[in-house]
Number of protein chains: 2
Amino acid sequence: MSDAIAVEMTSGKQDIKSDWKPEIATAPLYMQVAHHLEARISKGDFAVGSLLPTENELAEALGVSRQTVRQAIGLLRNKGRLSARKGVGTRVEAIEATNGSTRFIAQSRSELFEIAAETEFVIGYREMVSAQGRLAVDLGCRPGRKFLHITGVRYPANRGRAFSWNEVYIDSRVAAAIKDVTVARRAIFHYIEEFTGEKIHEIQQDVRPVAMDEDIAEKVGCKGGDLALMVTRRYYGSGRRLLEYAFQILPADRFSYTTTLRAEN
Amino acid sequence: MSDAIAVEMTSGKQDIKSDWKPEIATAPLYMQVAHHLEARISKGDFAVGSLLPTENELAEALGVSRQTVRQAIGLLRNKGRLSARKGVGTRVEAIEATNGSTRFIAQSRSELFEIAAETEFVIGYREMVSAQGRLAVDLGCRPGRKFLHITGVRYPANRGRAFSWNEVYIDSRVAAAIKDVTVARRAIFHYIEEFTGEKIHEIQQDVRPVAMDEDIAEKVGCKGGDLALMVTRRYYGSGRRLLEYAFQILPADRFSYTTTLRAEN
DNA sequence: GAAATCAATTAGTACGTACATATACGGATA
DNA sequence: TATCCGTATATGTACGTACTAATTGATTTC
């Protein structure tokens, strides 16, 4: 890998000047590049709707290979921040929320992190339970396995109206990860990863419409019977071990779930 | 590119034997490889839960580079058919539907094709309309623009219980694409692409819970007020031109919407 | 003036190499 | 027996090169 130099190039379209430097030994290089690009988009260096510098220019400016730039761009394309057209260039896309509502259902693991970072999970209840009957089935474990059951409301970071009602079941072996947490400002599985050092490899997510239950409705400020989405998530560590099971109830009128599907080639 | 030869290798795990050959000039090579692998998974050559031959073995057996195999595997990983672990191998995943219900909300353009191919859209109504008021807003166009409005029920290919109620608005300039179609066995946008030669670059998809309307409920065999999901899709051609607008109403009890989020690295 | 043609530009595809890193397995050791 | 430690093996990362194909815009031609 060649040195990363501060490069100044004033092309016709956008200023590529950047003092970015690869870190020593953290994330893979292409992820660092992706974060760097995303940061500069957020900062306004690369305007929404405009074209990014070409892959070759970026590669030269950042001191990495074009392949690495392409991998980074690929990540951001998956997230919808960028779109590319052959013969034209790579366009900076608006991160939707056209109707002003916050995105709340993730489409990638990293997006789950981001959503959680923008919200607060206020834990209102916490108890050790033993999985029996229906719960054991939902958790896909033998009856009798112990889980820490916590419930609470998730608010936007500015503490406006509640977003969702949440219930979480955590494997007793890793439950200590959140023993001191009363307000979670990161994803619960993030605490678990930090505590165990083990990475969550896979999250299975299920979405279905439900009618809001009276008790829950009251807690998030709706009426019973109101429409809602229930999102269920199962978190698996290495070896497909279920570490966390959680579901949340999202009032239908407070969010929208938008995805953009783009052509692969 | 080296020649693709029929290779016979009986490794310990799985038989790689394959008479696959790259076509002359259709899809990119890595997509062909992806289709080939997917076909052999469906056929049972590679059992669900087992490990695929290694990337190097596949590359050699198919006469392509390891990078190309990796690209193909990457596509199938995105679709959830495969999962990979460093130091272990690439695992063939079950294509969910754990509860027997069919997947119905796509996560990629190609998946939309596949879903449409497994179902039939029986068109029951068809009329030219002029976009006014709310419709013009939904379509994001000036009032007065003409669209072909078609409605109908989508059934599984075997004509079991109805899946969904569908309404589609097609830009009058491309409406001729489906003028002879009474039962669509492919995606509507597929007809449009075929007719115009122009590719749909982007599809925006929105999901929200709704209560079923009496009229619609009757047509798909539910009761009014039943829970459902409404999926709205906007189809854009090149230059962000809206070519098709459609929504469908999916009864909550007949399907589930499951996604798997995997770690990026 | 309009249409066809050509050249430059840009992302996409495909190949190659080398090394990094996580995992599993077998053997040596306590 | 249980633990530790290499070794082999698999995917992951990063680099390189070369060519392909879609698009744009300028130029030529009718």
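Only heavy atoms go into these numbers, but all of them, side chains included; no hydrogens, no water, no symmetry mates. Here is the naming used below: chain letters follow the sequence lines, and residue numbers restart at 1 for every chain.
- Per the geometry, CD belonging to A:Glu60 stands 16 Å off C1' belonging to C:dT9, to the nearest Å.
- For B:Lys86, the listed nucleotide lying nearest its side chain is C:dA22; candidates were C:dA11, C:dA22, C:dC15.
- Between A:Arg91 and C:dA11 there is no side-chain polar atom (N or O) within less than 4.0 angstrom of OP1 or OP2.
- As a whole-Å value, the separation of B:Leu62 CG from C:dC15 C1' is 15 Å.
- Using cut-offs of 30° and 60° on the angle between ring planes, the pair A:Tyr169 and A:Tyr245 is tilted.
- As rounded to whole Å, 13 Å separates atom C1' of D:dT11 from atom CG of B:Leu82.
- Comment: B:Arg234 does not engage B:Asp206 in a salt bridge, judged by the lack of any side-chain N to carboxylate O separation of less than 4.0 angstrom.
- Side-chain to base pairing of A:Arg85 with C:dG12: no donor and acceptor N or O lie closer than 3.5 Å to each other.
- Between the CZ atom of A:Arg66 and the P atom of D:dC19 there is a distance of 14 Å, given to the nearest Å.
- Scanning for side chain to side chain contact (heavy atoms under 4.5 Å, CB included) contacts around A:Val48 gives A:Val92, A:Ala94, with sequence neighbours left out.
- Toward the 5' end of DNA chain D, the nearer of the two residues A:Val69 and B:Ile73, judged by each one's closest nucleotide, is B:Ile73.
- Distances from the side chain of B:Ser65 to the nucleotides C:dA24, D:dG12, C:dC15 place C:dC15 closest.
- Between A:Arg70 and the phosphate of C:dG12, there is a side-chain N or O to OP1/OP2 separation shorter than 4.0 Å.
- Between the CG atom of B:Leu58 and the C1' atom of D:dT11 there is a distance of 13 Å, given to the nearest Å.
- B:Glu55 contributes no side-chain N or O that forms a donor-acceptor pair with the base of D:dT9 under 3.5 Å.
- With D:dG16, D:dA10, C:dA11 as the candidates, the nucleotide lying closest to the side chain of A:Gln67 is D:dG16.
- Qualifying salt bridge (charged side-chain N to carboxylate O under 4.0 Å, His left out) partners for A:Glu55, counting only residues two or more places apart in sequence or in other chains: A:Arg66, A:Arg70.
- Toward the 5′ end of DNA chain D lies the nearest nucleotide of B:Asn56, the other residue of the pair B:Asn56 and A:Gly87 mapping further downstream.
- Of the candidates C:dA11, C:dC15, C:dA22, C:dC15 carries the atom nearest the B:Thr68 side chain, counting heavy atoms from C-beta on.
- In this entry the distance linking CD of B:Glu57 with C1' of D:dA10 reads 10 Å, nearest Å.
- Between A:Gln71 atom CD and C:dA20 atom C1' the separation is 14 Å, expressed in whole Å.
- The backbone N or O of A:Met31 sits less than 3.5 Å from a side-chain atom of A:His35, completing a donor-acceptor pair.
- Comparing C:dA24, C:dA11, C:dA14 by their nearest atom to the side chain of B:Tyr30 picks out C:dA14.
- Side-chain atoms of A:Gln32 come within 3.5 Å of backbone N or O of A:Ala27 as a donor-acceptor pair.
- Distances from the side chain of A:Leu29 to the nucleotides D:dT11, D:dC15, C:dT23 place D:dC15 closest.
- As a whole-Å value, the separation of B:Met31 CE from C:dA14 P is 9 Å.
- One finds a side-chain N or O of A:Thr90 lying less than 4.0 angstrom from the OP1 or OP2 phosphate oxygen of C:dA11.
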